[in-house]
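Taking it in order: structure first as structure tokens, then the write-up.
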Amino acid sequence: MRSDAQQTAQAALSIRLRELLPPETTERFIGGTHTCRFADNLLPSFSAEQVETLCGQLARGAGEELAATASGKRRAHAPYSSAALAANAFGGWIGAEHQLQIAGLGGFDTSISLEHKLRIAHRGGTANLDCLLQSPSTLVGIESKLTEPLARHQPVEWK
């Protein structure tokens with residue numbers, strides 16, 4: 001259930017994105033909140049190859065972030081999308097993963113993986129991670145939240 005604080009934050013993010021994009025782009029917003037193209041919800045510094053990689057990973061990902069809803073909206077096209085947050089935070093490192101440092105960890109030698117489903121051993125279940133980074137000795141999973149912490153919710157039991 002969305003709270004007033006979450007709705008206010010989402011509306012503010014949508015308004016600001018529309019202000020930053022060219023008028024011909026904002027005229028095509030779906031419902032005033034979602035871009036028609038995922039690329040319009042990404043930082044302008046990304047290369048065409050990085051955008052293509054991000055789209056491909058989200059399309060194959062567990063969260064169905066690029067699947068259209070009945071209203072024609074796609075979750076990753078919202079400026080308040082956590083998947084878009086992860087794409088914007090880590091997409092610029094595609095092709096340069098070995099240079100990335102997270103909490104003092106680095107040496108990542110595989111491509112950044114967005115919307116990654118990861119099986120956790122010892123009956124830990126399956127995690128849907130926004131980003132997965134790997135090195136020979138380290139596995140880093142990242143779950144991003146943007147406006148979700150502002151929503152009312154019941155605690156989820158750890159399994």
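For clarity, every value in this text was computed on a predicted model and none was experimentally measured.
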For Tyr80 and Ser14, which heavy atoms make the closest approach, and how far apart are they?
CE2-OG, 3.6 Å
Taking CD in Glu143 as the centre, count heavy atoms belonging to other residues, nucleotides or ligands within less than 6.0 Å. Is the count above 12?
yes
Nearest 0.5 Å, what's the NZ-CZ distance between Lys117 and Arg119?
11.0 Å
Backbone N/O of Gly95 and side chain of Glu97: donor-acceptor pair under 3.5 Å:
yes
Closest non-hydrogen atoms of Leu66 and Ala59, given as atom of the first, atom of the second and distance, are CD1-N, 3.7 Å
Quick check: does any side chain N or O of Arg16 sit under 3.5 Å from a backbone N or O of Ala12, one acting as donor and the other as acceptor?
no
Would you say Asn88's side chain and Asn41's backbone share a donor-acceptor pair under 3.5 angstrom?
yes
Can you measure from NE2 (His34) to CZ (Arg28) and round to the nearest 0.5 angstrom?
16.0 Å
Indicate yes or no for a side-chain donor-acceptor contact from Gln57 to the backbone of Ile112 under 3.5 Å, with no hydrogens or angles considered.
yes
Looking at every heavy atom in both Ala127 and Ile120, which two are closest together, and how far apart are they?
CB-CD1, 3.9 Å
Can you find a heavy atom in the side chain of Thr69 that is under 4.5 Å from one in the side chain of Arg74?
no
What do the steps show when you test Ile102 against Leu133 for side-chain contact (heavy atoms from CB on, under 4.5 Å), and what is the final call?
CA-CA 9 Å; Ile102 303 254; Leu133 301 162; 3.9 Å; yes
Residue set satisfying salt bridge (charged side-chain N to carboxylate O under 4.0 Å, His left out) with Arg75, at least two apart, ordered chain then number -> Glu65
As an exercise, state the distance from CG of Leu118 to OG1 of Thr126, rounded to the nearest 0.5 Å.
8.0 Å
Treating Ile, Leu, Val, Met, Phe, Trp and Tyr as nodes and any side-chain heavy-atom pair under 4.5 angstrom as an edge, say whether Trp93 and Ile142 lie in one connected cluster.
yes
Verify, without hydrogens or angle tests, whether Ser135 (side chain) and Thr138 (backbone) share a donor-acceptor contact under 3.5 angstrom.
yes
Passes side-chain contact (heavy atoms from CB on, under 4.5 Å), Asn128 versus Glu115? Steps please.
CA-CA 6 Å; Asn128 291 322; Glu115 286 298 303; 5.6 Å; no
Here the gap from Thr53 atom OG1 to Phe46 atom CZ, rounded to the nearest 0.5 Å, amounts to 11.0 Å
Just checking, any donor-acceptor pair under 3.5 angstrom between side chains of Ser144 and Asp130?
yes
Can you give me the closest heavy-atom contact between Gln50 and Ser45, atom names plus distance?
OE1-O, 4.4 Å
Can you tell if the side chain of Asp109 reaches within under 4.5 Å of the side chain of Pro136, non-hydrogen atoms only?
yes
Any link between Leu114 and Leu85 through a network of hydrophobic side chains (Ile, Leu, Val, Met, Phe, Trp, Tyr) touching at under 4.5 Å?
no
Tell me if a side-chain donor or acceptor on Ser3 pairs with a main-chain N or O of Leu150 at a distance below 3.5 Å.
yes
On a heavy-atom basis, the closest approach of Gly141 and Leu129 is CA-CD1, 3.8 Å
Check whether Val51 and Leu43 end up in the same hydrophobic cluster, where Ile, Leu, Val, Met, Phe, Trp and Tyr are linked by side-chain heavy atoms less than 4.5 Å apart.
yes
Specify the closest pair of heavy atoms between Ser81 and Ala76, including all atoms of both residues, with the distance to one decimal.
OG-CA, 3.5 Å
For Ser82 and Glu148, test the side chains for any donor-to-acceptor distance below 3.5 angstrom and give the result as yes or no.
yes
Are Ile15 and Leu13 linked, directly or through intermediate hydrophobic residues, by side-chain heavy-atom contacts shorter than 4.5 Å (ILVMFWY only)?
no
Mind checking the CZ-CG spacing from Phe90 to Leu54? Nearest 0.5 Å is all I need.
12.0 Å
Please check if Ile94 and Leu42 belong to a single hydrophobic cluster, counting links between Ile, Leu, Val, Met, Phe, Trp and Tyr side chain heavy atoms closer than 4.5 Å.
yes
Between the main-chain N or O of Gln6 and the side-chain N or O of Thr147, is there a donor-acceptor pair closer than 3.5 Å?
no
So how far is it from Phe29 CZ to Arg18 CZ, rounded to the nearest 0.5 Å?
6.5 Å
